[in-house]
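Here is the structure we will look at, set down as structure tokens.
Order of the sequence lines fixes the chain letters, A, B, ..., with proteins taken first and strands second; residue numbering starts at 1 for each chain.
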Amino acid sequence: MRFALDDDALEVSAAVASFLTKECPPELVQAAFNAGGQGPADDLARSLGEMGVLGMLAPAGAGGAGLSMVAAAAVLAEAGRAAAPLPLTETIALAVPLLASAGDPTGILERVALDDERVAVAPCGVAPGASRAGWFLVGPDPVLYRRDEVTLERLDSVDRTRDLATVTPAGPGIVLEGRGPGMVERGAAAAAATLLGLGRGMLDQTVAYVKDRQQFGRPIGSFQAVKHRLADALLLLELAAPPVWAAAHALDTASPDLPRAASLAKAMASDAATATARAALQAHGAMGYTDQHPLHLWLKRTWCLAASHGTARWHRDRIAAALQL
Amino acid sequence: MRFALDDDALEVSAAVASFLTKECPPELVQAAFNAGGQGPADDLARSLGEMGVLGMLAPAGAGGAGLSMVAAAAVLAEAGRAAAPLPLTETIALAVPLLASAGDPTGILERVALDDERVAVAPCGVAPGASRAGWFLVGPDPVLYRRDEVTLERLDSVDRTRDLATVTPAGPGIVLEGRGPGMVERGAAAAAATLLGLGRGMLDQTVAYVKDRQQFGRPIGSFQAVKHRLADALLLLELAAPPVWAAAHALDTASPDLPRAASLAKAMASDAATATARAALQAHGAMGYTDQHPLHLWLKRTWCLAASHGTARWHRDRIAAALQL
Amino acid sequence: MDLTWSEEEDAFRGEARAWLEANVPDPPLPSGDTREGFAAHLEWERRLFAGGWAAVSWPQRYGGRDATLWEWLIFEEEYYRARAPQRVTQNGIFLLAPSVFEFGTPEQQDRILPRIAAAEDLWCQGWSEPGAGSDLAGITSRATRCEGGWRLDGQKLWTTRGAFCTHLFGLFRSDPAAERHRGLTYFLVPLDAEGVRVRGFGRLDGDEGFAEVFFDDVFVPDDAVLGDVDQGWSVAMATTGSERGLTLRSPGRFSAVVERLCRLYRASPAGAARRERVVQGWMDAEAYRLFTLQTVTSIVEGRPPGAESSLNKLWWSEMDVRLHETALDLLGDAAELDGEWMRGFEFALAGPIYAGTNEIQRNIAAERLLGLPRS
Amino acid sequence: MDLTWSEEEDAFRGEARAWLEANVPDPPLPSGDTREGFAAHLEWERRLFAGGWAAVSWPQRYGGRDATLWEWLIFEEEYYRARAPQRVTQNGIFLLAPSVFEFGTPEQQDRILPRIAAAEDLWCQGWSEPGAGSDLAGITSRATRCEGGWRLDGQKLWTTRGAFCTHLFGLFRSDPAAERHRGLTYFLVPLDAEGVRVRGFGRLDGDEGFAEVFFDDVFVPDDAVLGDVDQGWSVAMATTGSERGLTLRSPGRFSAVVERLCRLYRASPAGAARRERVVQGWMDAEAYRLFTLQTVTSIVEGRPPGAESSLNKLWWSEMDVRLHETALDLLGDAAELDGEWMRGFEFALAGPIYAGTNEIQRNIAAERLLGLPRS
């Protein structure tokens, strides 16, 4: 028994964190937001490809690093913390491992890992990062389509970096074989990790803000109402973290408890991140209620990811079924 | 349109409040608790009879005062505030008006109004104040039984003043005719009023306590965490009050919205009072967590009444049905 | 106690409903917090005024129809029920006008009020500043006496729809030696005055609904002062106790949301587990409606609300967030779309922040209603 | 990362389970917070000791079995799963012993620890006082130096099971000039010493689980001091950081409650609308179990927990209340009966109050974990 992130997970996530601190400041996220998820984040995507991050779950032979889902979850948490304006949840934790375990039937895996090619993922028929993708993985038992085999209809997400569209297949596509654990579990675990990071990012920003912001002659972070609300956010996030790592580990070990573990992670992380978003906005006051301050980028990403890959309530229903309730 | 307590309701409830302040101090409630609801509160019951309070909903001719249910609700709120250790909810708002509107078939109404005779009420087969009752009203469409027509089985309530028993009829009983609005609505509205008063009583005590109790060199009531929690309790109670008066008024006017109004009152008042109980106990700390301090009497009464006459959840289900949800 | 409407009140409701049915634009107008949407809303405001519905509870001579407070409640219920447009004139009507009624000279009342009702002057508020948000008494923008009037300097922030308005009312520090709430004066400033610069910026939802307003040696004459010099705080606070002010946040607004929520629930395939939250939404709104009837009764009988209005604000603002959260929950993965419910949610999130954050309101409730000691 | 148990650990679990199945009293014992119940629990404690299960993680020489922390977790899981009796010795084991391990002389360790494990000495805590609850540093009971020892005076309050115990450990002010946390000394006092008077009184549930203890010129020798004179605060705080202390509130306790809750739900006729709260209860307990595995990993690898233990306490204490609220909700009108769930609810309500109220824990989390300024 050892329940802690192993060294490889700590190393790769620390490397990603320090890269994002430098290369993905809030200004870049805002620029990507303004550009509808296009353009400004292109260099970021390419660099993450070169660092081996996009392909970290592909086998070492296939342009990947053969790392664990636990390591990927730790990386996604850092991506969330920085609100990196790319569909990393889907690329790292769904597209790459699903293609890899299906034997890369169209031979695009290495290019995907380098961001020379993008694969958008639409478990329920709606894909983020749609307009830049050359390939689409559609459905809970995903089928792979080329861009010219699908019709896209743009959707406006509250988070404009999402670049969202409904995907309607028009060709036969390629059914992925031998893909291991399902889309739902992978998506839930990965989105949970990203949400955990988003929550941590919002809490960090808010703590810094309330230490600095003065009202009534003292920092608002010295008021007990503010302190306790942020302590509650911390509590929710710290208790959501172990389920996130456990879900990733259940994917790595093909645990029979995987469905339950994945749903636990997503429900806890969604609730923790959305509660933190509320607390963060309230503590920022009117300052956070503008698109001039970066907080809104985190809020909107949080709301989107909480709604995607199954809402907290949907996952609670799944757990109830698993518990025979 | 005028939504406020009328003068008669204000007068009678003020008279009851000032009577109870004098005659029903916490020591009396504790003594009644220790005696399992027997003995110590007997004088109180008799005095309330003599004041016309028990029979306030009976017609003036039949030993009553012919007052409105709104006035009765205002009185029950004061009884709740004092945690009067008697089944007043059931006597004032169920037994008396049900007997009266059925034409007092056994001729006991005047004696009941004077506390010379007690009628216990068991809408779901369980009656508070059972061991002193000479008569029993049993079932949602109540049937009246003499003491010797029923079998009682004592139940231990967490509130020992409740004197609770299951009532199993063994005789034919007398079906009450023409009883007007049902047991459920009367019980819900009356219990809601009592719960509102219990909540107010707990909040009053707690405010006094936190102003007085010093820790860290200042009154604990100056800590924002304590202040905000009590402000929230006040908010819930103040928003539960209008539904309580509206439900009583709906009984007075036989409004077609009565079922919905009664359920709204009970659900709001139950939730407000139980939340206030939590806040009160937490603010009292270990001091409130003993049977040496009177707070426990209010807490236990609150838990019991919140569970009786339909829980908040049961009433929400009823509202859902009324709204066709 | 009487929970029925009179014949006159029913007739008033009928008249309002008929007018709204005939006049409410369909499809709905674009957001009033964008430049084009604002123009469309202005047209709507002028149509409301022409119909006599712009400020129903005001005296006729100022553009109202002398409606009672009860009638005002009825009108609001019908207004939201009809899904009529948001009121871009509301800062003038609900924030400025109560102070003009209470503290304005007859000349000011005649000059200002009819133009508010007619949507000819469009007022925005100038209270908050970069350093004065929750702590409004921290205002540092200043007013300096000069020949025939005053010179204003400083900066206001989070001015709702400031970029589209014509006038600003706001507090400026007229006595630099006075601290906190003292030494502030309430000024009325045309935004085309020399030295005023307005920069619009986006709210949370991206609409340009906010502005910052800079004052650089702006001259205003003496009659731009509302109330007494150095007494601006009391003048501004008139909105709190006034029956025309913000205290009575219309219950109709929330009942209309609940009605839509119930429809959404009924249409929602996997809704059964969520029923309880929808019911609670209805309950919260119904309790608020009854609470408001109680408040209006008090006002009508001559007992204006004081610190109780803190409870009012806490309730409606937190209820509004919950109602929208419930709707987003029902929407499932469609919740993230930039649609009506998400917009409504973003709007609701402002409620616990503006007009005194809910932290401040809880302080007020604890200290003034419960008598707990200040921290 | 490895979430599997070793063969040795599985064997340990098997052994514990078999012993508990053979020994746990059926029907359950009466409450250990009453005089007769306490006697029955004492018998149980002695049976546990005889089986070698009284303090599994202690060294064998003190009556333990040198179990690892992981094995301790397994034992606790099995203990609660078997519905074994409450531990009336827990104040000795979890509050006193960690300080004795860290600060006791070898003589004290040899004298005190085995008698705790064997339930020969029964310890109660003497920390709180009438004026020192949340603010423990407000202690005024005093210790005065005398020939060969100390004289104790004062009053302790809310002493759990004080009326049934044989000894008290507690803090007394030994330096009257020192303030707050300074100048306190940790004393070990036999309750049959001359000048000690114990008065039991009822907890919320009416059981005589509390006592107040009066000290009137009570003599204790020098070896009744644990740790250094005037350093009692650090000695007492040893329970916080210690792996033998209270930080690791056993997850098995809550998992067992959740299992009962799930059974109650399945048996409940009108339960469907309540399913979500039951599921959330399972989730909260499962998250807590995983959180504890993370904490134990840290401890085992040499990183003892600090202020994080505040999060731990906040979570389990509030979860415990919610689990019981959910059960009472499922019980409907039977919730008011003085039965197992109501008793459990009353017990759970103490969680957010004792061992540092949750308000204090939130302060600690905000100040020490988030670095927010003191108020």
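Listed by sequence position, C:A365, C:A366, C:E367, C:L369, C:L370, C:G371, C:L372, C:P373, C:R374, C:S375 are the residues of residues 365-375 of chain C in contact with chain B, using a 4.5 angstrom heavy-atom cutoff. Within residues 205-216 of chain B, the residues having any heavy atom under 4.5 Å from a heavy atom of chain C are, by residue number, B:V207, B:V210, B:K211. Residue-level contacts of residues 257-264 of chain B with chain C, in order of numbering, are B:R260, B:L264; threshold 4.5 Å between heavy atoms.
Ranked by heavy-atom pairs shorter than 4.5 Å toward chain C, the options B:P242, B:S68, B:P219, B:A9 are led by B:P242. With respect to chain C, the highest number of heavy-atom pairs below 4.5 Å among B:D204, B:D271, B:L239 belongs to B:L239. When each of C:A287, C:S310, C:S298 is checked for heavy-atom pairs under 4.5 Å with chain B, C:A287 comes out on top. Most heavy-atom pairs under 4.5 Å with chain B, from the set C:Q280, C:E9, C:R289: that is C:Q280.
Here the CG-CZ distance, from B:L323 to C:R275, works out to 9.5 Å after rounding to the nearest 0.5 Å. In this structure, NE2 on B:H249 lies 4.5 Å from CG on C:L3, to the nearest 0.5 angstrom. Atom OG1 of C:T295 is separated from atom CZ of B:F3 by 10.0 Å, given to the nearest 0.5 angstrom. Rounding to the nearest 0.5 Å places NZ of B:K227 at 11.0 Å from CD1 of C:I364. A distance of 4.0 Å separates CG of B:D232 from CZ of C:R362, quoted to the nearest 0.5 Å.
No side-chain heavy atom of C:M1 sits less than 4.5 Å from a side-chain heavy atom of B:M1. Residues B:I319 and C:E286 are not in side-chain contact: their nearest non-hydrogen atoms beyond the backbone lie 4.5 Å or more apart.
Neither the backbone nor the side chain of C:Q361 comes within less than 4.5 Å of any heavy atom in chain B. Both the backbone and the side chain of B:P243 come within less than 4.5 Å of a heavy atom in chain C. Residue C:W315 touches chain B through both its backbone and its side chain, counting heavy-atom pairs closer than 4.5 Å. Proximity to chain B (any heavy atom under 4.5 Å) is shown, for C:N358, by neither the backbone nor the side chain. For chain C, the nearby parts of B:L5 are the backbone and the side chain; heavy atoms of each come within less than 4.5 Å.
Not counting sequence neighbours, the partners of C:E276 by the salt bridge (charged side-chain N to carboxylate O under 4.0 Å, His left out) test are B:R313, B:R316.
No more than 12 heavy-atom neighbours from other residues, nucleotides or ligands sit within 6.0 angstrom of CD on B:Q324.
Judged purely by atom type and a 3.5 angstrom limit, B:R2 has no side-chain atom pairing as donor or acceptor with the backbone of C:Q294.
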